[in-house]
Amino acid sequence: MKKWFFLLTLVLVMGALAACGGKDSSGADSDKKEIAIGATAGPFTDMVTNAIKPGLEKKGYKVKVVEFSDYIQPNNALGTGDIDANVFQNKIYMETFAEQNKLNLAEVITVPTSPMVVFSNKFKSIDEITDGATYALPNDPTNMGRALLILEQEGLITLKDDVSHLTISEKDIKDNPKNLKFQPLEAGQLARAIESTDMSAVPGNFVFAAGLDMNEGIMVENMRDAHRNRVVIDAKNKDAQFVKDIKEVVESKEFEEVIDSDFVGFTKPDWMKDR
């Protein structure tokens with residue numbers, strides 16, 4: 001009787017261990033081969049599908065690409081474990097969202113990102129911009145800062161010396177010699193605002209979504225790495241093998257070849273330009 005009890009106990013213990021396979025003491029998925037990667041609709045879903053997924057499949061992974069229609073769900077899905085990584089956000093957004101929503105997020109690697117572009121149906125060049133011209137720009141802090149940095153980049157405004165390039169708003173403008181008027185709008189409205197304002201700063205993903213030609217813009221963002229999108233994970237998985245493999249795929253020659261052929265106009269992160 002004792003022998004049978006011992007065998008039964010052993011079977012139950014082995015079954016429990018098998019059920020917990022692939023998890024380390026932190027709850028991280030250490031050796032999983034089926035992963036889900038989320039991205040917002042448009043070019044970053046295409047990047048995951050065409051440039052990241054094939055490399056992971058060569059490493060033996062089964063990859064599910066999950067498309068999101070907003071900027072809220074992809075991080076919440078990381079927190080609940082519904083996806084294992086996402087590609088849609090920059091460093092500032094990631095850190096702010098994580099703090100506000102009590103998530104523990106971590107970046108894996110930055111990826112090529114489409115810059116913000118200023119379009120105008122009124123002016124064909126910077127030299128034509130008139131006094132008092134209206135400038136539509138994103139109303140969220142991260143992207144508003146980027147739009148203002150474009151103006152400083154082109155010598156149209158001067159920002160205060162002590163301003164943080166991560167969080168900039170209109171109050172940080174020191175000089176505005178052309179008396180530009182600012183019209184903050186939801187980012188998704190900025191492509192349409194080209195028709196109703198003198199100039200409109202359109203984030204890169206909306207440039208592509210609206211079918212706009214980047215080459216027709218009068219100003220293009222000189223993008224900082226803090227504003228580039230990145231692969232983001234739940235921090236508990238930072239040492240997992242699948243995370244290391246995602247990073248290796250993004251760093252591969254094959255990934256860069258797809259970017260060069262299919263994502264014309266995307267600017268590359270510093271690590272990619274320096275190698």
Between the side chains of Asn237 and Asp234, is a donor N or O closer than 3.5 angstrom to an acceptor N or O? no

Please confirm whether the backbone N or O of Thr267 pairs with a side-chain atom of Arg228, one donor and one acceptor, at under 3.5 Å? yes

Do you know which two heavy atoms are closest between Ala191 and Leu212, and how far apart they sit? CB-CD1, 4.2 Å

Provide the closest heavy-atom pair for Ala136 versus Thr197 in the form atom of the first, atom of the second, distance. CB-OG1, 3.9 Å

Just by modelled atom types, is the Phe242 backbone N or O under 3.5 Å from a matching donor or acceptor in the Lys33 side chain? no

Residues Lys59, Glu248: salt bridge by 4.0 Å N-O rule: yes

I'd like to know if the side chain of Gln153 and the backbone of Val220 have a donor-acceptor N/O pair within less than 3.5 Å. yes

Taking atom types as modelled, find out whether Asp127 and Ser125 have a side-chain donor-acceptor pair closer than 3.5 angstrom. no

Shortest non-hydrogen contact between Ile129 and Ile218, atoms and distance: CD1-CD1, 4.4 Å

Where do Val258 and Ala51 come nearest, in terms of heavy atoms and distance? CG1-CB, 3.8 Å

Test your reading of the model: is there a side-chain donor-acceptor pair from Thr49 to the backbone of Asp46, 3.5 Å cut-off? no

State, to 0.1 Å, how close Asp198 and Ala133 come at their nearest heavy-atom pair, and which atoms those are. OD2-CA, 3.2 Å

Relative to each other, are the rings of Tyr71 and Tyr93 parallel, tilted or perpendicular (30° and 60° limits)? perpendicular

Intermediate values then yes/no, side-chain contact (heavy atoms from CB on, under 4.5 Å), Asn229 and Asn90: CA-CA 4 Å; Asn229 287 352; Asn90 61 42; 4.2 Å; yes

If only atom types and distance count, is the side chain of Asp172 paired as donor or acceptor with the main-chain N or O of Val163 below 3.5 Å? no

Any link between Leu151 and Met223 through a network of hydrophobic side chains (Ile, Leu, Val, Met, Phe, Trp, Tyr) touching at under 4.5 Å? no

Please find the pair of heavy atoms, one from Val232 and one from Leu105, that lie closest to each other, and give the distance. CG1-CB, 4.0 Å

Going by heavy atoms in the side chains, are Val243 and Lys238 under 4.5 Å from each other? no

Taking the ring centre of each residue, are Phe208 and Phe266 less than 6.0 Å apart? yes

State plainly whether the residues Asp82 and Lys64 are in salt-bridge range, i.e. N to O under 4.0 Å. no

Please lay out, stage by stage, how Thr96 and Ile92 fare under the test side-chain contact (heavy atoms from CB on, under 4.5 Å). CA-CA 6 Å; Thr96 303; Ile92 307 161; 4.2 Å; yes

Ignoring hydrogens and geometry, is there a side-chain-to-backbone donor-acceptor pair from Gln73 to Phe68 under 3.5 Å? no

Above 12 or not: heavy atoms from other molecules or residues under 6.0 Å from NZ of Lys102? no

Quick one: does any side-chain atom of Asp70 pair with a main-chain N or O of Ile72 as donor and acceptor, under 3.5 Å? yes

Side-chain donor or acceptor of Asn143 paired with backbone N/O of Pro138 under 3.5 Å: no

Should the heavy atoms of other residues, nucleotides or ligands under 6.0 Å from NZ of Lys174 be counted, would the total exceed 12? no

Can you name the one residue among Val65, Val231, Val111 that meets side chain to side chain contact (heavy atoms under 4.5 Å, CB included) with Val48? Val65

Suppose the criterion is ring-ring contact (aromatic ring centres under 6.0 Å, His included): which pairs have a residue in residues 100-145, not counting sequence neighbours? none

